[in-house]
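This report refers to the structure that appears directly beneath it.
Lettering of chains follows the sequences in order, A, B, ..., and the numbering in each one begins at 1.
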Protein chains: 2
Amino acid sequence: MNENLSIGAASRNCGVKVPTIRYYEQIGLLPAPPRTEANRRTFNARDLRRLAFIRHARELGFEIDAIRTLLTLQDDPHQPCATADAIARARLTEVQQRIDGLTALKAELEAMIESCRHGEIADCRVIEILADHSRRSQPMYANASLHR
Amino acid sequence: MNENLSIGAASRNCGVKVPTIRYYEQIGLLPAPPRTEANRRTFNARDLRRLAFIRHARELGFEIDAIRTLLTLQDDPHQPCATADAIARARLTEVQQRIDGLTALKAELEAMIESCRHGEIADCRVIEILADHSRRSQPMYANASLHR
DNA sequence: ACTTGCTCCTCTAGTCGCTAGAGGATGTAG
DNA sequence: CTACATCCTCTAGCGACTAGAGGAGCAAGT
């Protein structure tokens with residue numbers, strides 16, 4: 001029914017931006033769709049499902065490589081799902097760590113803002129607190145779990 | 001006392017990696033330190049404080065540009081601290097959004113793992129749940145608040 | 001004195017997942 | 001028929017580093 005959509009229509013349909021769709025094709029995450037006579041991409045329902053799958057997985061924070069594995073598994077459905085399960089579990093651990101890190105961070109930011117006297121920089125707790133940790137040599141949080 | 005440290009010693013002291021220190025110098029976040037006869041950088045206590053400040057701010061998730069502003073404010077302490085306060089508040093809002101997104105995400109991952117029958121991919125809920133969201137056109141979470 | 005191995009230097013290029021822009025062709029509505 | 005939107009390809013840029021090449025210097029042990 002919704003077959004042969006243009007890239008723009010596909011983009012609107014599945015919530016992935018036009019250049020991003022082209023990018024996914026380029027890196028081989030989405031198979032190159034057939035083209036019209038005028039060289040325009042035409043997407044079918046299967047492509048849209050795949051794009052929505054990718055988008056949702058990205059929203060869940062899965063990396064492109066993990067999604068690639070998931071898609072490969074999906075394309076060959078007669079394997080044990082242990083791999084997919086393992087990916088999801090690894091991701092859950094990461095997510096929990098990130099939540100923990102961000103919660104600690106939030107507390108620190110709230111303390112900073114709370115104690116700000118709204119005076120001059122010289123008395124400003126935001127800057128003072130940031131500077132006060134100068135002494136600490138060991139990182140409080142692992143960098144990797146906070147960024148990216 | 002701890003004046004004139006080598007870049008390696010400075011790195012150990014403040015917990016910022018050697019190439020990262022050089023990178024900060026390159027982008028003008030850290031003033032270029034004096035060199036020895038053999039062209040090696042020498043860092044003083046002030047540099048170390050600045051580096052620790054940067055590191056802590058990065059750990060709190062502040063972007064380089066925000067840190068640049070904070071450092072400028074720090075260098076000129078007779079201004080109102082409203083700017084620093086605003087930066088911290090903006091950051092707090094971001095952090096809260098990220099926590100919310102990740103919490104929703106965690107619930108979803110847990111449901112995925114929970115419902116996995118450990119059978120074949122054909123029955124695997126991990127992939128099914130990811131694919132099932134195909135219909136949704138509106139993003140559940142803003143991309144920007146989840147990634148980076 | 002010599003060698004081993006660590007640290008330092010500069011430079012370029014790569015990472016990830018896009019995003020922006022140039023410059024041009026094609027499709028659609030009034 | 002003329003706007004204007006949309007499409008195409010291509011290259012370059014983003015943030016915040018990280019990795020590696022290729023070479024110089026320094027400190028300690030034999």
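With D:dG25, C:dC18, D:dA16 as the candidates, the nucleotide lying closest to the side chain of B:A38 is D:dG25. Across D:dC26, D:dC7, D:dT18, the shortest atom-to-atom separation from the side chain of A:R22 is found for D:dC7. When distances run from any side-chain atom of B:R40 to the nucleotides C:dG27, D:dG25, D:dA16, the shortest one goes to D:dG25. The side chain of A:Y23 has C:dT19 as its nearest neighbour among D:dG25, C:dA25, C:dT19. Nearest to the side-chain atoms of B:E63 among the listed nucleotides D:dC8, D:dA16, D:dC7 stands D:dA16. Counting only heavy atoms from C-beta on, B:K17 has its side chain closest to D:dT18 among C:dG17, D:dT18, C:dT10. Listed nucleotides: C:dC18, C:dC9, D:dT9. Nearest to the side chain of A:R58: C:dC18.
Note: CG (A:N39) to C1' (C:dT26) measures 11 Å, nearest angstrom. B:I54 places its CD1 atom 16 Å from the C1' atom of D:dG15, with the value rounded to the nearest Å. Summarising the geometry, the separation between CZ on A:F43 and P on D:dC7 is reported as 9 Å, rounded to the nearest angstrom. D:dC17 atom P lies 11 Å from atom CD of B:E59, rounded to whole Å. In this structure, the CD1 atom of A:I21 is 12 Å from the P atom of C:dC18, given to the nearest Å.
Within the 3.5 Å criterion, the main-chain N or O of A:V16 finds no donor-acceptor partner in the side chain of A:T20. Checking side-chain atoms of B:T42 against main-chain N and O of B:P34 turns up a donor-acceptor pair under 3.5 Å. With hydrogens and angles disregarded, no donor-acceptor distance shorter than 3.5 Å links the side chain of B:R50 to the backbone of B:I54.
Partners of A:D65 by side-chain hydrogen bond (donor to acceptor under 3.5 Å, both in side chains), not counting sequence neighbours: none found. Taking A:R40 as the reference, nothing meets the side-chain hydrogen bond (donor to acceptor under 3.5 Å, both in side chains) condition, with sequence neighbours excluded.
The shortest distance between the side-chain N/O atoms of A:R41 and the OP1/OP2 oxygens of D:dT6 is not below 4.0 Å. Residue B:Y24 places at least one side-chain N or O under 4.0 Å from the OP1 or OP2 atom of D:dC17. Within the 4.0 Å cut-off from OP1 or OP2 of C:dC8, at least one side-chain nitrogen or oxygen of B:S6 is found. Within the 4.0 Å cut-off from OP1 or OP2 of D:dC17, not a single side-chain nitrogen or oxygen of B:R55 is found.
Mapping B:V18 and B:Q26 onto DNA chain C by nearest heavy atom places B:V18 at the nucleotide closer to the 5' end.
Residue-level contact check: B:I7 touches the backbone only, with heavy atoms under 4.0 Å from sugar-phosphate atoms and none from bases.
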